Every structure is written in structure tokens, then in C-alpha cells.
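Working notes, structure below.
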There are 2 protein chains.
Amino acid sequence: MMPASPPDWKKLGKVNALLQRVPDALRGAARTRKFEDGEILYRRGDKAADVICVLAGELLLTRASRAGTAVIVQRVRDGFIAEASLDSKSYHCDIAAGGDGELLAFPITAFLHALQNDMAFHSAWSRQLAREVRRLRAQCERLSLNSVAERICHFIEVEGEGGEVMLGQSRKSWAAELGISHEALYRALRRMQDDGVLVVDGARLRLPGNYILP
Amino acid sequence: MMPASPPDWKKLGKVNALLQRVPDALRGAARTRKFEDGEILYRRGDKAADVICVLAGELLLTRASRAGTAVIVQRVRDGFIAEASLDSKSYHCDIAAGGDGELLAFPITAFLHALQNDMAFHSAWSRQLAREVRRLRAQCERLSLNSVAERICHFIEVEGEGGEVMLGQSRKSWAAELGISHEALYRALRRMQDDGVLVVDGARLRLPGNYILP
DNA sequence: CGTACTTTTGAATCGCATCAAATCTGGTGG
DNA sequence: CCACCAGATTTGATGCGATTCAAAAGTACG
């Protein structure tokens, strides 16, 4: 297990806006920790000890399936994981590393204490959760579409502004977010450009609508 | 537009556990309202007036795409919709009815007031959001799987207990939740039974694992 | 300049969506 | 009680689109 150490709060605001709102008392209790690919950080059934924010890399919530293989329940990059552990006495899943990375761990008792005693922090926490719910519902809706082109359009319409979006990631990882193979994504982008449905300019994607909405 | 009326709180607890925790002051401000298929209840850009809980039927958050067709951003049954409107001055999407149903509307000012003044309610609200985040992350993970059988297994392993789950809905609507056609679901269930991977007993689905985990 | 990763294109295969239709089910009214 | 209807369930046939495997070309970085 990698060593835990106190975080550098100046850098953390860039990862997640909520981290700027963490009260001093809770900051003192938080610890950063690097992790390595495959490492299991917390185990199902263990007493829930920490609320975790992924700073770099990827964490997986997994369960052993009846067949013995691991079922990935959740996959989180750049955000909080296992928020639900605030509710329960123990973790419902294993928390494993999907690649090297770094996390920020808040002891649950300190976190709950901060929520109870700092109304501004509690409000920021609720708003953060509400935004996450909205983002995830849109993501589910997108993954329910059954063609690559539809998912691309949905992404641009919903995540972008005015039929235009700037990609903040490689196309390969975008393909993973869209739930498709990267080959299928490249081909669909090409076809859509040929059909004049899409304009690609580096990281900037635009759907040239035929009219402007009021 | 259908008339608004005061709710019957005795029945509401069954819809959503959070509704039991609504403080009296907020209860007095809430109104139920029936809606009809296709009706547009709130429009994008309107001043955000209500926090909405779907009691029956289905509500859609939609946006007009550049092509003029409606993009479904979110789809909600039996729960809160547009929680993010607590944050913003106006709605980011149209809110339309996907079929007949009924909603419960809380005026935003009264809702915010209740969150600020009733710590127990605020805590219940945060926990509700955290559970929703967990549920949605699992749903996204499931929709990212590319075979019907994998999605079925994921559902049973994650939503069920001990490799077993009781379906609370028709298979047709389950298929929609899994993001597949109902025909594909029926065929996969049949094939999995034939292969001995799955045992179906009415609404009870079981994955007969070869060993019991400790 | 070499290594690792992304981007891009090609070809083969397979699973799912789709359309069609039969059967089954529960509920309604005559 | 039966006729009837709407919706769910089930099976069949067909075509398309995505996955997969393979490989080349481009790009970032030390």
C-alpha cells in the first residue's frame, strides 16, 4: 500500500470545484494517496472508513460475480466515489484501481461532522450531487441510443452549447464514454462529415443546423 | 393545463421514501397535478419555479436539436426531475409528458427554505441524491456492456442479492431499462435458461453460481 | 531516433434491431 | 359467463451496423 500524505489544496480546486469549499477542519483530516493498477484499496464488507475523491487515474467499484469474475459496478474518474458509503456501516463493493492514480480520502466521521456543522459546505455537497445526477441521467439516455451517430449528436446537443462542443479528451477515451469502440467512432465521424451533418475542426465539433433557434 | 390540488401525503410515502421526510411547512406549499401525453409542463428559459417529483407516468427533459427534432436529455419515472433547477434561475430543458401521469410540485423558494432550516430534511435530500448517483452509475456501467446476456447478469448481480433478483416490472419495460429491444431480451433469457446459466421462476431470476462466497 | 499511444482504414463476423405474426394474459362490458 | 380488446409475451426471418482482429500511418515525448 502506498503511503498517505497531507494534500496540497492549491492544486485540488482544479480537479473538482467542491474541493474548494471544504472547511478547514475537514481539510486537516484529509489525506492523499497514490495507488497502482490492480491494487484493491477497500474491500466489500470492510467498515466504511473514508469518502474518496479520485484525483488522477480511475477507480472501480467491483463485486465478485457468481461465476467468479469481477463485475464492474461503477467506474469513476475525477470525482467522488462511493458517496453512498456515508449512509452505511460498510462498503458494498470492492474499490480497486483501474490503472495508476491518486485519491483524496476524507475520514467519514470528519466528513459527516463537516456536513452537519457547515451549512455552506452541506449546500455545496448537495448541489454537486444534483449536478452529478443530471449528468448521469443524460449519460444513460445517450447510452440508450442505438446508433453511433445518434450518440454523437446527443453528446454535442446536450454537453455542448448551440450545437457546438469542444472535446476535452482524446477521441479514444471519448469513444469509451460513448460506449462504443474507437474504430466505430472514427468511422461515424468520417461519414457524418461526408454527409455534411458535422463539421470537425480539431477538438471543436459542430452540427451545422439549418436554422437558428430564437 | 390540468388543475393543481393539495396532495394526499398518506399515499406519497410509497412513491418515494424522501417524501415522508418533507417538513410540514413544505408540505403546505406542495401541489399535485395530473398531466397528459405530449403536454409541455415547463419550457426552457422559463424562470425555474418548481422542484418536481414524478408520482405516476413519465416525464421527459427535452431540447430542440439543430435538426428541429426533440432530443431527450433525461427520462424520469417515480422520482425527482430537474433537481439541478435548484441551482439555476431558469430551466435548461423543456419538461414534457411522456404519457399520462401525475406530478408533485414544490415551489423552489419553499424547497430551498426547507433545506436551509430543516437539517434532517437536508440530510435526507443529500442521501437521496447520493443513492441516485450510485444507481445511475451502475446503470451507465450496465449500458456500456455490449451483449444482452452481460447486461442481464450485471443487473442481477448489482440490483439483486446473492445472485438473485425479483423483477418489479414487465419484461418489456425491463428491456427498455436495459437499453435493448424486448425481443432480444426474451431470446437471451431463453438461451441463458437453455445453457443453465439462469433460472427463471416468474418474476424471480437467479444465477445459479457454482460456489457460495464466504 | 525510438517508444508508446492515438488515429485511421480494411475485412470478416456476429449480434441485435426490425418487421411480422401468433399466442397468451388480464381486464371490460355485453 | 363469454366475447372482445389492449397489451405483454414469444418465435421467425432478414439486414444492417457495430465489434473484432489486423495493420498502417500519424503524433507526442524523452
Side-chain angles (χ1 to χ4, degrees), chain A residues 36-37 56-58 72 75 77 98-101 139-156 165-195 197-205, chain B residues 36-37 56-58 69 72 75 77 98-101 139-155 165-195 197-205:
Chain A
E36 292 170 356
D37 188 21
E58 185 178 86
I72 298 176
R75 183 188 311 260
R77 310 165 67 102
D100 297 351
Q139 170 90 339
C140 283
E141 200 61 42
R142 190 176 308 135
L143 290 173
S144 296
L145 299 174
N146 41 22
S147 91
V148 171
E150 283 176 306
R151 293 190 195 180
I152 291 172
C153 289
H154 189 280
F155 184 91
I156 297 175
V165 76
M166 291 291 289
L167 274 189
Q169 57 188 335
S170 73
R171 297 181 186 202
K172 195 171 180 180
S173 59
W174 187 35
E177 183 180 339
L178 292 177
I180 55 181
S181 67
H182 60 280
E183 296 98 325
L185 175 59
Y186 291 125
R187 277 187 260 260
L189 288 175
R190 160 59 55 102
R191 199 176 326 114
M192 290 170 77
Q193 286 181 81
D194 292 348
D195 294 349
V197 181
L198 177 70
V199 177
V200 178
D201 175 20
R204 182 166 156 278
L205 304 178
Chain B
E36 292 171 356
D37 188 21
E58 185 178 86
T69 60
I72 297 175
R75 185 188 309 260
R77 310 164 66 103
D100 297 350
Q139 170 89 340
C140 283
E141 199 61 42
R142 190 176 308 134
L143 291 172
S144 296
L145 300 173
N146 42 21
S147 91
V148 172
E150 283 177 305
R151 294 191 194 180
I152 291 172
C153 288
H154 189 280
F155 184 91
V165 75
M166 291 291 288
L167 274 189
Q169 57 189 334
S170 74
R171 296 180 188 204
K172 197 171 179 179
S173 60
W174 187 35
E177 183 180 339
L178 293 176
I180 55 181
S181 68
H182 59 279
E183 296 98 325
L185 174 59
Y186 291 126
R187 277 186 260 262
L189 288 175
R190 158 60 52 103
R191 198 174 330 112
M192 290 170 78
Q193 285 181 83
D194 291 347
D195 294 348
V197 182
L198 177 70
V199 177
V200 178
D201 175 19
R204 183 166 153 278
L205 304 178

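Just so we're clear, the structure is a prediction, and the values are computed from it rather than from any experiment. The analysis underlying the following values was restricted to heavy atoms, covering all of them including side chains, and did not include hydrogens, waters or symmetry mates. The chains referred to below are lettered A, B, ... by the order of the sequence lines, with proteins before strands, and numbering in each begins at 1.
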Checklist entry - Are side-chain heavy atoms of B:Gln139 and A:Gln139 found at a separation under 4.5 Å? => result no
Item to check | Approximate separation, where rounding is to 0.5 Å, of B:Ser144 OG and B:Glu150 CD | outcome: 11.0 Å
Checklist entry - Phosphate oxygens OP1/OP2 of D:dA18: is one of them under 4.0 Å from a side-chain N or O of A:Ser181? => result no
Next on the checklist: Rounding to an integer number of Å, can you tell me how far A:Glu150 CD sits from D:dA18 C1'?
Outcome noted: 14 Å
Item to check | Note, B:Tyr186 side chain near B:Val148 side chain (heavy atom, < 4.5 Å) | outcome: no
Checklist entry - Is there a side-chain contact (heavy atoms from CB on, under 4.5 Å) between A:Leu189 and A:Arg171 once you walk through the steps? => result CA-CA 10 Å; A:Leu189 288 175; A:Arg171 297 181 186 202; 3.9 Å; yes
Item to check | Pair B:Leu167-B:Leu205, side-chain contact (heavy atoms from CB on, under 4.5 Å): steps then yes or no | outcome: CA-CA 8 Å; B:Leu167 274 189; B:Leu205 304 178; 4.1 Å; yes
Checklist outcome for this item: In whole angstroms, the gap separating C1' of C:dA17 from CZ of A:Arg151 amounts to 13 Å
Item to check | Residues in contact with DNA chain D, drawn from residues 139-149 of chain A - heavy-atom cutoff 4.0 Å | outcome: A:Ser147, A:Val148
Item to check | Euclidean distance, atom CG of residue B:Asp194 to atom C1' of D:dT10 [Å, nearest integer] | outcome: 13 Å
Item to check | Sidechain-backbone polar pair: B:His154 side chain, A:Ile72 backbone, donor-acceptor under 3.5 Å | outcome: yes
Item to check | End axis versus end axis in the helix from C:dC1-D:dG30 to C:dG30-D:dC1, the angle rounded to 10°, five pairs used at each terminus | outcome: 50°
Checklist entry - Over how many whole Å does the gap from B:Met192 atom CE to C:dG15 atom C1' extend? => result 15 Å
Checklist entry - When every nucleotide of nucleotides 2-10 of chain C is labelled 5' to 3' by its protein contacts under 4.0 Å (heavy atoms), B for base, S for sugar-phosphate only, - for none, what sequence of letters results? => result ----SBBBB
Item to check | Donor-acceptor pair, side chain of A:Asp100 and main chain of A:Asp37, under 3.5 angstrom | outcome: yes
Checklist entry - Would you say the side-chain atoms of A:Arg151 pair up with the backbone N or O of A:Leu145, donor to acceptor, closer than 3.5 Å? => result yes
Checklist entry - Between B:Arg75 and A:Glu141, is there a donor-acceptor pair closer than 3.5 Å when you use the side chain of the first and the backbone of the second? => result no
Checklist entry - Are side-chain N/O atoms of B:Gln193 and B:Arg190 paired as donor and acceptor at under 3.5 Å? => result no
Item to check | Full working for side-chain contact (heavy atoms from CB on, under 4.5 Å) between A:Ser170 and A:His182 | outcome: CA-CA 10 Å; A:Ser170 73; A:His182 60 280; over 6 Å; no
